[in-house]
Visitor: 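Following this message is one structure expressed as structure tokens.
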Amino acid sequence: MEIKGRVWKYGSDVDTDAIIPARYLNTSDPEELARHCMEDADPAFPAGFRAGDIFVAGKNFGCGSSREHAPIAIKAAGVSCVIARTFARIFYRNAFNIGLPIFESPEAAEDIHEGDEVLVDVDSGVINNLTTGKTYRFAPVPPFMQQIIAAGGLINYVANKLDVRSEK
Amino acid sequence: MPMTITEKILAAHAGREKVEPGELINARVDLVLGNDITAPVAIKEFEKIGAPGVFDRERVALVPDHFVPNKDIKSAEQSKQLREFAREHNLVNYFEVGVSGIEHCLLPEQGLVGPGDLVIGADSHTCTYGALGAFSTGVGSTDLAAAMALGETWLKVPESIKFIFDGELQPWVGGKDLILHIIGDIGVDGALYQAMEFAGPAIEKLSMDGRFSMCNMAIEAGGKNGIIAPDEITRAYVEGRCKRPYKFYKSDPDARYARVYRYDASQIEPQVAFPHLPENSRPVREAGHVEIDQSVIGSCTNGRMEDLREAANILKGRQVHKNVRLIVLPGTQEIYLQALREGLIEILVKAGAAVSTPTCGPCLGGHMGILAKGERCIATTNRNFVGRMGHTESEVYLSNPAVAAASAILGRIAGPWEVL
Ligand code: SF4
């Protein structure tokens, strides 16, 4: 699997309130959440965004509450993946579970700039910065984790798995 | 290859010879847990999966404990969802009001978690069971839904940090003080993603209840799990209690740790964590004059037998200060009954304590002792975030039960040595 997109660059400790402000948590409708994604943290984002864009951030991305609304908002907005130095633990789980691809790469997080074009080769664990020609590695995602992402999230993945079991 | 206790348990549940920190694994779970806040969301997701049923009706535990006995209509509706799901799936481990308690006190007590187990729960304090030498961690509601269907979950193998306590504990110092001391030292994200392994002579002598308090608060340092190698103290607790076979694991002597901390337990005094973060801990002796309006003794951190005994020991023949409400919440019905048998409840009531049925209650600002604007509370709970127990301008100070009891008597934050 390959992911290609243009980069929005953020700093460290982007919290779940910045990703989706608490005042919008009275809905769990992905479309509604997507409209307010990053609205407080980066007012330029909702207007300047193109589907397929990529987030690159510093350490501890998604810290704060355990709300699944945060990765849902990012995914529904059309962000193709998030690359960060590190992710907060529960955000990390939730992102995989709802089918948002995320990658930890300190080098990429450091070196990639706002507006760069980036190509992520998920299978080989390589991030190509198409703008500068540099490459960075991340720990490849194991096959079963790729299946979760490919299935569109944990619930679909589990449903598929159960179907296969019952057909046996 | 040498491994830590956490790595060994994860490897065993992933069907692997070895695992390494940073790897993502798919692991079998021995038990999954949800409560009256997180399970309703999980049940909705579970239904989307279209699974024929839960993976094992003996291994899904549902514990309504946060807002029970139901404090309002909304919480009653949530509990009802759990009850109906439990009936529909014929769950063995649904715990109704009257036989229940706070999930993290209840599950070990009922023998549902044993050494070597892998447990996930949709509650951040699921890390408590590491006290038994199990791997246990908190997850989201979608994780719970998937695990209820499959009996497995995905996990990232954490690096381990070792915390070694040499020397002897001082009087009035317990597991709560050790963990508050650690969090004060490393900060609320000091163990992010990582396993916190507690070891050393002082831990080997620590009671089971003290160990539960310590592992309970691993999450307050950002940890994935807290864990203590099982020993004879663990064995005495689980023997005749555990419903399933269990296995003792321990770290290899040359296992790899991200960091190792060494403390001299004899230098650690009873702690109090000031608002609004658990890392703001300091010795009670250095607290200064802090008057309080309420004292709460209970929660999944300190609502166990030893905690009630410690509190009653201090309150026996004494009176709660006229400006203070003392609220005591035994962790489970079993603990409540045992406290009755030992005469502790009578001591507490005579001293002027309000003794409640087991519930999370005020710990998360639910009910049974919410704070008004400007009020201060000392509590044996685990979080003192802004507004955690009520008004955003109220304050929570965290301590062990002996300090909370002494403070209730003197009307200000105080050490037990000041009243005895
Ligand atoms: S007692 Fe407090 S911390 Fe423990 S489970 Fe209940 S609300 Fe959470």
Side-chain angles (χ1 to χ4, degrees), chain A residues 12-13 15-16 25 28 59-72 85-100 102-106 125 138-149 151-166, chain B residues 14 16 19-27 37-38 41-42 44-55 120 122-124 126-127 137-158 188-189 191-195 218-219 221-225 385:
Chain A
S12 286
D13 303 314
D15 63 55
T16 48
L25 294 182
S28 54
K59 74 170 174 71
N60 208 19
F61 186 87
C63 63
S65 92
S66 65
R67 65 184 70 144
E68 285 188 2
H69 303 70
I72 288 171
R85 187 179 180 85
T86 56
F87 292 92
R89 193 188 142 246
I90 299 178
F91 181 92
Y92 186 89
R93 292 197 71 86
N94 290 345
F96 271 110
N97 287 345
I98 64 136
L100 173 69
I102 56 174
F103 308 103
E104 283 187 342
S105 171
F138 61 90
V141 179
F144 79 86
M145 297 302 306
Q146 289 186 34
Q147 288 167 24
I148 291 179
I149 292 171
L154 187 65
I155 295 300
N156 290 345
Y157 170 79
V158 173
N160 296 343
K161 199 163 171 172
L162 285 172
D163 279 348
V164 173
R165 273 189 195 173
S166 59
Chain B
R16 304 252 302 260
V19 295
E20 292 201 44
E23 267 187 279
L24 293 165
I25 56 163
N26 205 15
I37 291 183
T38 57
V41 183
K44 205 172 95 190
E45 293 299 309
F46 180 84
E47 268 145 23
K48 284 191 206 155
I49 296 173
V54 297
F55 78 105
I120 62 164
D123 188 275
S124 60
T126 303
C127 54
T137 193
V139 296
S141 290
T142 300
D143 286 307
L144 172 60
M148 286 199 298
L150 287 180
E152 47 187 58
T153 193
W154 68 271
L155 294 164
K156 186 172 175 184
V157 180
V188 292
D189 59 352
L192 195 65
Y193 279 144
Q194 293 167 309
I219 181 72
K224 180 163 195 153
N225 64 312
F385 300 157

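Basis for what follows: all heavy atoms, side chains included, without hydrogens, waters or symmetry-related copies.
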Visitor: Is chain B contacted by the side chain of A/Ile155, its backbone, both, or neither, given a heavy-atom distance below 4.5 Å?
Guide: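 Contact with chain B involves both backbone and side-chain atoms of A/Ile155.
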Visitor: Counting only heavy atoms closer than 4.5 Å, note whether B/Ala146 contacts chain A via side chain, backbone, both or neither.
Guide: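 For B/Ala146, heavy atoms of backbone and side chain both lie under 4.5 Å from chain A.
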Visitor: Could you tell me if the side chain of B/Gln194 sits less than 4.5 Å from the side chain of A/Arg89, heavy atoms only?
Guide: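 No, their side chains stay 4.5 Å or more apart.
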Visitor: Between B/Lys156 and chain A, with a heavy-atom cut-off of 4.5 Å, which part of the residue counts as in contact: side chain, backbone, both or neither?
Guide: side chain
Visitor: Is there a side-chain contact between B/Thr142 and A/Asn94 in this structure, where contact means two heavy atoms from C-beta onward sitting under 4.5 Å apart?
Guide: no
Visitor: Distance only, no hydrogens: is a donor on one side chain within 3.5 Å (strictly under) of an acceptor on the other, for B/Thr153 and A/Arg93?
Guide: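 On atom types as modelled, these side chains qualify, holding a pair under 3.5 Å.
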Visitor: What residue, out of B/Leu192, B/Asp189, B/Val139, has the most heavy-atom pairs lying under 4.5 Å from chain A?
Guide: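 Top count of heavy-atom pairs under 4.5 Å with chain A: B/Val139.
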Visitor: Anything under 30° is parallel, anything over 60° is perpendicular, the rest tilted; go ahead and classify B/Trp154 against A/Tyr92.
Guide: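 Tilted, since the angle between the ring planes falls between 30° and 60°.
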Visitor: Heavy-atom pairs under 4.5 Å with chain B - which of A/Thr86, A/Asn156, A/Ile148, A/Leu154 has more of them than the others?
Guide: A/Leu154
